[in-house]
Amino acid sequence: MVFSVSVLLWSSCESKKEASAETNDSTEQKYECPMHPEVVGKKEDTCPTCGMKLTKIHEEKYECPMHPDVVGKKDDTCPKCGMKLTKAHEEKKTNKYKMEFKTAPTIEAGKSALLSFTPTLVGREQDSVPLDIQHDKKIHLIVVSKDLAYFDHIHPQRQANGSYEIKVLAKGEKYSKNKFQNETHFDQGGDYVLFADYLPTGASHQLDRIELNVAGPSYQALHFTKEKRVANADGYEVSLQPKDGKLSSGGLMHIAAVVKKDGKEIPADQFENYLSAKAHVVVISEDTKNYLHVHPDVSNGRLDLHTTFETPGIYRGWLQFQTNGTVHTADFVLNVTQGTSDKAAAPEHHH
């Protein structure tokens, strides 16, 4: 709106501009009933149902809960992880969060310890940071060795002081029934990477990458170069089948995950829900810099992974699904080639 002090101060040119702006506003901008949003029309229209004056429809931005750089319209899905976009909270994006990480004592191979994680707001570290539940948990913690030979998907449990803890078991100590909740182990020393995946209430999804060195005799680092799209997990054969037969960067990929038992394919909708999904897939690049957490849909009886590899290279992937109360993990080596239309197919970003 133009702020007017006196009508006499406006020239005829200014009046024309204002009239033009109003015309454009009434013809291009849509209006809706505050009580009946299905009723839309032009400026100054009234609702035939309740008689209220229509109000301007404000375009709302939607973003991926896990990849807030991906934005779009209502009902769109994220090309990276397949999640449905949710309403963006622009006013919260100026906040910066960090996951404070501590160990007690220093982590040593084969010995018990505690890993402690505390979500903090940068600049206001003393403030409590509440977390929303995502797929049944407040923090999803992915633990991998730096060479990506070791993998664990666990969930720190909240403590009275606001921190979240993981128990590190001593070598030979058996997992409790909480194996997939708050326990892990480091039987070998060396370099590890932790990915803390969490959502502060009212803010955007956060992913913190934490490097951890475990004291003691180090693991012999492996180098994964040969592609592996078929894996065995507790007697199940799991194969990844890209729609076009190959994996490439830059564009949206649809990858079917086919699970067989004794040579017979098992419909994916028969799997038990594991963390509110039929399966979870984690993909990490060879240099551990790129991380994807994908929640497949079920299409034609198979798991349908739809994601985007932003860069070519070697990736490690782990697909987890549950039957009879047991979580099965199939691991893969993925060779992603350079896409032919990376720029054109890349998802929309904003900064």
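Side-chain atoms are counted along with the backbone in the values below, which use heavy atoms only and exclude waters and symmetry mates.
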message: Can a side-chain donor-acceptor contact be found between H254 and D244 if the only test is distance below 3.5 angstrom?
response: no
Hey, what's the ring geometry for [X] with [Y], parallel, tilted or perpendicular (30° and 60° as the breaks)?
| X | Y | value |
| --- | --- | --- |
| Y192 | Y219 | perpendicular |
| H328 | F321 | tilted |
| H293 | H140 | perpendicular |
| Y150 | F186 | tilted |

field: Those residues that, when tested against Y198, pass ring pair (Phe, Tyr, Trp, His ring centres under 6.0 Å) (two or more places apart)
entry: none
task: Start with the C-alpha distance between D197 and D208, add both sets of side-chain angles, then the distance that settles side chain to side chain contact (heavy atoms under 4.5 Å, CB included), and finish with yes or no.
output: CA-CA 7 Å; D197 190 331; D208 282 27; over 6 Å; no
Side-chain heavy atoms under 4.5 angstrom apart, residues restricted to Ile, Leu, Val, Met, Phe, Trp, Tyr: same cluster for [X] and [Y]?
| X | Y | value |
| --- | --- | --- |
| I266 | L305 | yes |
| Y236 | I255 | yes |
| V298 | F271 | yes |

- prompt: Mind checking whether F195 and I210 have side chains closer than 4.5 Å, heavy atoms only?
  reply: no
- prompt: F224 ring centre to R316 NZ or CZ under 6.0 Å, with the angle to the axis within 45°?
  reply: yes
- request: Indicate yes or no for a side-chain donor-acceptor contact from R209 to the backbone of T288 under 3.5 Å, with no hydrogens or angles considered.
  value: yes
message: Working note: F332 + V230, criterion side chain to side chain contact (heavy atoms under 4.5 Å, CB included); need CA distance, chi angles, decisive distance, verdict.
response: CA-CA 7 Å; F332 305 91; V230 180; 5.9 Å; no
task: Decide side chain to side chain contact (heavy atoms under 4.5 Å, CB included) for L141 and F117; before the verdict, give the C-alpha distance in whole Å, the side-chain angles of both, and the deciding distance to 0.1 Å.
output: CA-CA 10 Å; L141 184 70; F117 304 84; 3.6 Å; yes
